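Quick caveat: nothing in here was measured; it's all calculated off a predicted structure. Note on naming: letters A, B, ... go to the chains in the order of the sequence lines (proteins, then strands), and numbering restarts at 1 for each one.
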Protein chains: 2
Amino acid sequence: MILSERAVPVKPVRRRAGRPPHALLGHAQITKAALALVTRHGYKALTMSGLAKALNVAPSALYNHVSSKQDVLLLVEDALMGRVDVSAFADKPWEEAVRLWARSYRDVFSAHLPLIPVIALLPVTNAPQTVKMYDAVTDGFLRAGWPKERVVDAVVALESFIYGSAYDVNAPADIFAPGELADVAPHFTSAVAHRRNPSGHNDADAAFNLGLDAMVAGLEAALAAQH
Amino acid sequence: MILSERAVPVKPVRRRAGRPPHALLGHAQITKAALALVTRHGYKALTMSGLAKALNVAPSALYNHVSSKQDVLLLVEDALMGRVDVSAFADKPWEEAVRLWARSYRDVFSAHLPLIPVIALLPVTNAPQTVKMYDAVTDGFLRAGWPKERVVDAVVALESFIYGSAYDVNAPADIFAPGELADVAPHFTSAVAHRRNPSGHNDADAAFNLGLDAMVAGLEAALAAQH
DNA sequence: CTCACTAAATGAATGACGTTCATTTAGATT
DNA sequence: AATCTAAATGAACGTCATTCATTTAGTGAG
């Protein structure tokens with residue numbers, strides 16, 4: 001669970017900083033290789049042996065730098081978090097910035113579903129890119145007038161929607177096909193058959209846009225309501 | 001992936017319906033045992049061997065009734081879907097019904113996180129309770145005036161939020177502790193420190209209520225806007 | 001009543017996988 | 001040149017899901 005590559009020297013710096021003698025591995029190398037592996041062959045291929053092979057190293061060597069596979073996932077997660085676009089919070093109005101951030105966030109992690117439990121359940125401690133992302137978002141909310149007591153709740157609410165939407169992107173087209181149960185669920189069957197969205201987006205985008213617009217509008221109203 | 005216990009006899013019913021000669025197992029037994037196992041010992045304990053042991057049967061026997069562990073998870077998922085309370089759609093106004101349904105839905109699956117990928121990614125085909133749940137919800141939306149073209153998107157948007165919120169319920173209390181990175185993320189650190197919600201709920205409930213109220217209000221407004 | 005049929009259960013085996021640990025290696029320090 | 005130390009090795013373990021040839025036990029046909 002510990003991600004810091006080395007503890008901060010407490011008193012006098014005896015031993016020189018930097019990587020040890022003949023090290024082949026480090027967090028950077030592991031992260032890069034894991035990311036490449038996942039990008040090329042998917043999460044099924046992200047095994048400790050496969051990762052070790054990609055690094056020309058024995059599987060057990062990884063455990064000198066990482067305490068578990070969860071740690072590897074956390075490294076990858078943090079790296080990806082740096083790809084979430086928070087730039088709109090710098091110069092765009094709050095509503096638009098939230099929309100752009102949320103879409104970028106969803107797009108990044110819809111391609112990395114297995115990381116969602118990692119983001120959602122593991123402390124951000126020592127995940128620098130993740131913390132940086134949250135800071136930019138928080139700053140945007142504060143400057144839009146959100147009280148600091150409520151910012152985190154608003155961000156968490158949006159994030160929850162984003163994670164769920166990331167799953168939805170990966171749902172098969174026939175996920176709502178009722179099969180032999182069509183007759184016991186007439187309303188649902190009909191609604192599925194008639195599903196249509198104004199703009200010609202795919203189903204996942206239609207639901208995402210509808211929900212995002214609704215939540216952003218609702219949050220804006222809630223903010224305005226409390227003066 | 002096939003969940004039907006036997007194919008529907010196509011032409012003349014030669015063989016009598018019902019369970020074969022000396023069968024010990026069936027979908028019902030497997031589902032019940034799996035549910036009990038999970039309830040008592042968590043998802044870590046839900047292994048094919050453990051399940052078989054609970055049923056006094058060899059692990060391989062399970063594969064006569066289920067084609068993979070995913071199938072077992074789908075059985076459990078469908079059973080749990082029957083616990084989601086949709087009764088409010090029968091007699092309460094839409095806004096209140098959605099709120100009660102959403103909370104019930106979140107509460108059921110926040111105790112069964114490993115099932116979320118199953119619900120979110122697997123077709124509902126042959127999952128009767130799941131289809132029934134969707135039908136009740138769809139009916140409620142239609143009677144509230146939602147056009148059948150948009151009902152599914154609205155439900156999917158709410159579901160996405162619900163799944164994400166189910167994760168949030170299980171997040172550790174210190175998930176946002178920035179650790180050594182506090183100084184590089186001053187806004188975020190401050191917002192986390194000052195996080196407070198009016199009603200004395202826990203953090204997950206505060207974010208859930210904020211997001212749910214926002215989305216429900218936003219959806220209501222969107223519905224009204226399109227005449 | 002008996003035989004043949006069939007679905008279900010068995011038990012041994014397989015191949016991934018994450019992880020541990022005693023041992024060795026190789027560069028830096030004294 | 002001797003020593004110290006972090007990193008790498010390779011063998012081993014235990015846990016899984018899954019497979020397959022074989023056996024078991026009811027059922028219906030004759």
Side-chain angles (χ1 to χ4, degrees), chain A residues 1-2 4-9 12-30 33-34 37-38 41-76 114 117-118, chain B residues 1-2 4-9 12-30 33-34 37-38 41-76 114 117-118:
Chain A
M1 225 60 107
I2 307 293
S4 39
E5 211 145 352
R6 58 198 166 75
V8 212
V13 186
R14 297 226 181 193
R15 195 155 286 284
R16 268 226 326 292
R19 200 80 59 57
H22 57 298
L24 301 178
L25 260 39
H27 282 176
Q29 288 81 5
I30 293 177
L37 200 54
V38 158
H41 304 101
Y43 276 88
K44 227 209 81 183
L46 181 53
T47 69
M48 295 304 269
S49 334
L51 184 55
K53 180 159 292 181
L55 288 160
N56 285 315
V57 133
S60 51
L62 294 168
Y63 289 85
N64 287 320
H65 305 268
V66 141
S67 71
S68 67
K69 188 181 179 180
Q70 278 274 335
D71 268 10
V72 176
L73 292 179
L74 191 43
L75 286 174
V76 173
V118 177
Chain B
M1 226 59 108
I2 307 292
S4 39
E5 213 145 350
R6 60 198 164 74
V8 211
V13 186
R14 297 220 182 198
R15 194 154 285 286
R16 265 230 323 295
R19 200 79 59 56
H22 58 298
L24 300 177
L25 259 39
H27 282 176
Q29 288 81 6
I30 293 176
L37 201 54
V38 158
H41 304 101
Y43 277 87
K44 228 208 79 182
L46 180 52
T47 69
M48 296 304 270
S49 335
L51 184 54
K53 181 159 290 179
L55 288 159
N56 284 314
V57 132
S60 51
L62 295 168
Y63 289 86
N64 287 320
H65 305 268
V66 140
S67 71
S68 68
K69 189 182 178 180
Q70 277 274 336
D71 268 11
V72 176
L73 292 179
L74 191 44
L75 287 174
V76 174
V118 177

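Taking atom CG on A:Asn64 and atom P on C:dC21, their separation rounds to 13 Å, with Å as the unit. For A:Lys53 and C:dA16, the NZ to C1' distance is 13 Å, given to the nearest whole Å. To the nearest angstrom, P of C:dA9 lies 9 Å from CG of B:Leu62. Protein atom CG of A:Leu51 is 14 Å distant from nucleotide atom C1' of C:dT19, rounded to whole Å. Note: CG (A:Asp71) to P (C:dG18) measures 14 Å, nearest angstrom.
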Using a cut-off of under 3.5 Å, enumerate the N/O to N/O pairs linking the protein to nucleotides 18-20 of chain D.
{"from": "D:dT18", "atom 1": "OP2", "to": "B:Tyr63", "atom 2": "OH", "distance (Å)": "2.8"}
{"from": "D:dT18", "atom 1": "OP2", "to": "B:Lys69", "atom 2": "N", "distance (Å)": "2.9"}
{"from": "D:dT18", "atom 1": "O5'", "to": "B:Tyr63", "atom 2": "OH", "distance (Å)": "3.4"}

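A pairwise comparison of heavy atoms in A:Ala52 and A:Ala58 identifies CB-C, 3.7 Å as the closest pair. In terms of heavy atoms, A:Ala34 sits closest to A:Val72 at CB-CG1, 4.1 Å.
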* **B:Tyr63 vs B:Asp71, side-chain contact (heavy atoms from CB on, under 4.5 Å): CA-CA, chis, key distance, verdict** => CA-CA 10 Å; B:Tyr63 289 86; B:Asp71 268 11; over 6 Å; no

Report all side-chain donor-acceptor pairs from residues 44-51 of chain A shorter than 3.5 Å, counting only partners two or more places apart or in another chain.
{"from": "A:Thr47", "atom 1": "OG1", "to": "A:Gly50", "atom 2": "N", "distance (Å)": "2.9"}

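Distance check, rounded to the nearest 0.5 Å: CG of B:Leu55 to CG of B:Leu37 gives 9.0 Å.
Listed pair B:His65 / C:dA9 meets the phosphate criterion, a side-chain N or O lying under 4.0 Å from OP1 or OP2.
Judged purely by atom type and a 3.5 angstrom limit, B:His27 has no side-chain atom pairing as donor or acceptor with the backbone of B:Leu75.
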